[in-house]
Amino acid sequence: MDPRHALLAQIGADIVRFQDASAEFDAAVGEVLALGRAELACLAQLHFGGPTPLSAVARGTDVARLELAGYVRREAAGGGRRLALTEHAREWIETLWGPLRVDGFQLMSALPDADLKLIAGFLTAARAVQDRHATRVAKLLQAPGGSRAARRRGGLSAAALHRVQLFIEAHLARKLRVEEMAQRSGLSVFYFTRAFRQSMGMTPHAYVQQRRVERARELLSRTSRSLGDIALEVGFSSQSHFTTVFRRLTGLTPAVLRRGGG
C-alpha cells in the first residue's frame with residue numbers, strides 16, 4: 001500500500017474509532033438519564049443550542065416524556081412555543097457533557113486557523129455523507145424493543161436517584177404518588193421505597209415534604225406572596241397543612257420566619 005492510501009486508511013480507521021467512542025459516551029449518558037436516543041439528542045440540542053422552537057426539536061423526540069421526567073419545559077416565545085431545559089436538568093447535564101466540551105475546545109484551540117478551516121470544511125462534507133447514509137440505514141430499522149430496567153435491592157444508583165429528584169422538583173406543586181417516583185427509578189414500589197430510604201435516610205414522602213418546605217422558605221424570603229398562595233405553589237393542600245408541616249420541620253411557623261424569627 002502506498003503512503004497516501006495508508007494515510008487514508010489510518011484516517012478512516014480513526015474516524016470509525018472516534019464514532020464508536022462517541023456512541024459509547026452517548027449510550028452511557030443515555031443510561032444515566034434513562035432516555036432513548038431521540039430524547040438524548042433533544043437534550044443535547046437544548047443544552048448546546050439553547051431554547052428551541054417546538055417545530056425544530058430533534059425528530060422522534062417524546063416531548064411529553066421529557067416534561068414528565070422534569071428535563072424540559074415549554075415556554076412562550078413570540079407568537080409560538082419553544083422548548084427549554086429546566087434549571088435542575090441543565091446543571092446535571094452540564095456535569096455529564098461539560099468536561100468533554102471543555103477538553104475538546106482546548107484541543108482544537110491549539111491548532112492554527114488554516115487547520116481549523118480545513119477541519120471545518122471536511123466536517124461539513126462528512127456530515128452530509130453521514131446524513132445521507134443514516135437515512136438509507138434508517139429505512140431498514142424495525143420498531144425498537146423495550147429496554148431492560150436495572151433492578152437493585154440496595155440503595156438507589158446515583159442515576160436513579162437523580163432521576164427521582166428531578167421528577168420531584170418538576171412536580172412539587174401537585175400530589176406526588178410513590179408509584180410515579182418508583183417508575184422513574186426503574187424499580188417496583190416496594191424496592192424503590194426501601195432503596196430510597198437507604199440512600200436518603202428518609203421515606204420518599206418525608207423527602208417530598210422536606211423539599212416543599214425548603215422551596216417555601218425560598219419563596220418566603222424573596223417574595224411577598226400570601227402564605228396561602230405559597231402553600232399551593234409548593235404542593236400543600238391548605239395553608240393550615242402547610243403551617244403544620246413547616247413548623248414540624250423547622251420549629252417555626254411560616255409567618256414567624258417571614259417576620260425574621262429564624
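Along the sequence shown, residues carry numbers from 1.
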Assess the residue pair L66 and D62 against the criterion (side-chain contact (heavy atoms from CB on, under 4.5 Å)); give the C-alpha distance rounded to whole Å, side-chain angles, the decisive distance to 0.1 Å, and a yes or no. CA-CA 7 Å; L66 289 176; D62 187 344; over 6 Å; no
Under 3.5 Å: donor-acceptor pair, side chain of [X], backbone of [Y]:
{"X": "H133", "Y": "A128", "result": "no"}
{"X": "Y71", "Y": "L33", "result": "yes"}
{"X": "T250", "Y": "R248", "result": "no"}
{"X": "Q45", "Y": "A56", "result": "yes"}
{"X": "T61", "Y": "A58", "result": "yes"}

So do the side chains of [X] and [Y] get within less than 4.5 Å of each other, counting heavy atoms only?
{"X": "M181", "Y": "V208", "answer": "yes"}
{"X": "L107", "Y": "D103", "answer": "no"}
{"X": "L100", "Y": "F25", "answer": "yes"}
{"X": "L54", "Y": "R82", "answer": "no"}
{"X": "L227", "Y": "T243", "answer": "no"}
{"X": "E39", "Y": "R65", "answer": "yes"}
{"X": "L111", "Y": "I119", "answer": "yes"}
{"X": "L46", "Y": "P51", "answer": "no"}

Heavy atoms only: give me the nearest [X]-[Y] pair and the separation to one decimal.
{"X": "T193", "Y": "V178", "value": "OG1-CG2, 3.9 Å"}
{"X": "G60", "Y": "A38", "value": "O-CB, 3.5 Å"}
{"X": "F192", "Y": "L156", "value": "CE1-CD1, 4.0 Å"}
{"X": "G70", "Y": "A89", "value": "O-CB, 4.2 Å"}

Does R247, at its CZ atom, have more than 12 non-hydrogen atoms belonging to other residues, nucleotides or ligands within less than 6.0 Å?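 Counting other residues, nucleotides and ligands, CZ of R247 stays at 12 neighbours or fewer.
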Step through the shown structure and confirm whether more than 12 heavy atoms of other residues, nucleotides or ligands are within 6.0 Å of CZ on F18. no
[X] [atom1] to [Y] [atom2] distance, which is reported to the nearest 0.5 Å:
{"X": "L68", "Y": "F167", "atom1": "CG", "atom2": "CZ", "value": "5.0 Å"}
{"X": "C42", "Y": "L83", "atom1": "SG", "atom2": "CG", "value": "5.5 Å"}
{"X": "M200", "Y": "Y207", "atom1": "CE", "atom2": "OH", "value": "5.0 Å"}
{"X": "L43", "Y": "W92", "atom1": "CG", "atom2": "CH2", "value": "10.0 Å"}
{"X": "R184", "Y": "L166", "atom1": "CZ", "atom2": "CG", "value": "8.0 Å"}
{"X": "L96", "Y": "H162", "atom1": "CG", "atom2": "NE2", "value": "8.0 Å"}

For the residue pair F242 and F236, categorise the inter-ring angle as parallel (less than 30°), tilted (30 to 60°) or perpendicular (more than 60°).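 Correct class here is tilted.
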I'd like to check the salt bridge (Lys or Arg N to Asp or Glu O under 4.0 Å) partners of R197; sequence neighbours left out, ordered by chain and number. none
Count I, L, V, M, F, W, Y as connected when their side-chain heavy atoms are under 4.5 Å apart, and connections chain through other members. Are [X] and [Y] then in the same cluster?
{"X": "L172", "Y": "M202", "answer": "yes"}
{"X": "I230", "Y": "L257", "answer": "yes"}
{"X": "L35", "Y": "L161", "answer": "no"}
{"X": "V256", "Y": "V234", "answer": "yes"}
{"X": "L85", "Y": "L40", "answer": "yes"}

Tell me, please, which residues at least two apart from R17 pass side chain to side chain donor-acceptor pair (under 3.5 Å). D14
Is it true that [X] and [Y] have a side-chain N and a carboxylate O under 4.0 angstrom from each other?
{"X": "R73", "Y": "E67", "result": "no"}
{"X": "R217", "Y": "E214", "result": "no"}
{"X": "R215", "Y": "E233", "result": "no"}
{"X": "E180", "Y": "R174", "result": "yes"}
{"X": "E75", "Y": "R81", "result": "no"}

Does the side-chain contact (heavy atoms from CB on, under 4.5 Å) test come out yes or no for R225 and L220, once each step is laid out? CA-CA 8 Å; R225 295 172 60 182; L220 286 167; over 6 Å; no
Kindly determine whether F196 and S199 satisfy side-chain contact (heavy atoms from CB on, under 4.5 Å), including the steps that lead there. CA-CA 5 Å; F196 188 93; S199 294; 5.8 Å; no
Audit row: T223, R258, side-chain contact (heavy atoms from CB on, under 4.5 Å) steps and yes/no: CA-CA 10 Å; T223 74; R258 169 166 274 175; 4.0 Å; yes
Decide salt bridge (charged side-chain N to carboxylate O under 4.0 Å, His left out) for E94 and R101; before the verdict, give the C-alpha distance in whole Å, the side-chain angles of both, and the deciding distance to 0.1 Å. CA-CA 10 Å; E94 178 61 23; R101 179 184 56 195; 2.7 Å; yes
